[in-house]
Asks: 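So that we are looking at the same thing, I have put the structure below in structure tokens.
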Amino acid sequence: ALPRDLVGRRVVVSAGGTREPLDPVRFLGNRSSGRQGHALARVAAQRGADVTLVAANTTDLPVPSGVRVVRVRTAAELREAMHEAAPEADILVMAAAVADFRPESTAPSKIKKAGSDPEPVRLVRNPDILTELVERRRPGQLVVGFAAETGDGTGDPLHHGRAKLARKGVDFLLVNVVGDGLAFEVPVNSGWLLGGDGSERRIPVGSKNLLASTLWDAVARATAGRDRG
Ligand code: C5P
């Protein structure tokens, strides 16, 4: 049986990948399926948490039982949903793959291929939602970020992860090793869980539920003494 160590904890998890529209039928997207975020929400609910899942384009996946879902498509919608839910939450987990850039404008009708040469797409930066959540966090609120790192040998993912944890000011950073049949579009995941207290846990290749359990073990321990509900 799973531990019931998240009873009374209000958790918000973002999942999936945002889609930034080019026109009414096209978008810039990414390979995130939302499976890891859904697993985080499912396991948190099983351990007793009150869970809101902010789900970006994960309509193919079942909604975990007992979990409240807010559906979003773009980074702007995800940002609004997170800021709406965050003030009531004890724990925020940003597992969604948020687009760093969006097209400067969305064409009001389908971009035509006939007649003219293709236009370059101008991109503008999206706000970093995780950084905003950390800036606005309320006392005692715990914030977890994700970082996708390609384990391609060009530098040390842990070194990058440590720097990112400090830069973003999060309590935990899940450094995800992506690529090579890992993380995206597959049921398995792996990486390291880095804590703001200097802790470091390796998560071997395994199911997304396993990674979720490891993350909730650490978060439950870190929040163990705090008031509930
Ligand atoms: O800086 P980087 O994009 O690697 O950070 C990844 C983390 O930041 C993830 O937790 C992701 O959900 C979050 N993020 C965000 N807003 C963005 C880009 C990333 O909240 N615009």
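We use all heavy atoms of the structure for the numbers below, so side chains are in, but hydrogens, waters and symmetry mates are not. Order of listing sets the numbers, starting from 1, for every ligand and every atom in it.
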Asks: Taking the side chain as C-beta and beyond, is there a heavy-atom pair between Leu211 and Asn176 under 4.5 Å?
Replies: yes
Asks: Considering only residues two or more places apart or on different chains, which pairs with a residue in residues 159-169 satisfy salt bridge (Lys or Arg N to Asp or Glu O under 4.0 Å)?
Replies: Asp128-Lys168
Asks: Any pair with a residue in residues 26-42 that passes salt bridge (Lys or Arg N to Asp or Glu O under 4.0 Å), sequence neighbours left out, goes on the list, sorted by first then second residue, please.
Replies: Asp23-Arg26, Arg31-Glu185
Asks: Residue by residue, ordered by chain and number, which ones reach under 4.0 Å of ligand 1 with a heavy atom?
Replies: Met94, Ala96, Val98, Ala99, Asp100, Pro127, Asp128, Ile129, Leu130, Gly145, Phe146, Lys164, Lys168
Asks: Side chains of residues 45-61: which donor-acceptor partners sit under 3.5 Å, not counting sequence neighbours?
Replies:
residue, atom, partner, partner atom, Å
Arg47, NE, Asp5, OD1, 3.0
Arg47, NH1, Ser213, O, 3.4
Arg47, NH1, Asp217, OD1, 3.1
Arg47, NH2, Asp5, OD1, 3.4
Arg47, NH2, Asp5, OD2, 2.8
Arg47, NH2, Asp217, OD1, 2.8
Asp50, OD1, Arg68, NH1, 3.4
Asp50, OD1, Arg68, NH2, 3.1
Thr52, OG1, Arg68, NH1, 2.4
Asn57, ND2, Gly17, O, 2.8
Asn57, ND2, Arg73, O, 3.1
Thr58, OG1, His38, NE2, 2.8
Thr58, OG1, Arg71, NH1, 3.4

Asks: Return yes if a side-chain donor-acceptor contact under 3.5 Å exists between Ser207 and Asn209, otherwise no.
Replies: no
Asks: Any chance CD of Glu77 has more than 12 other-residue heavy atoms, nucleotides or ligands included, within less than 6.0 Å?
Replies: yes
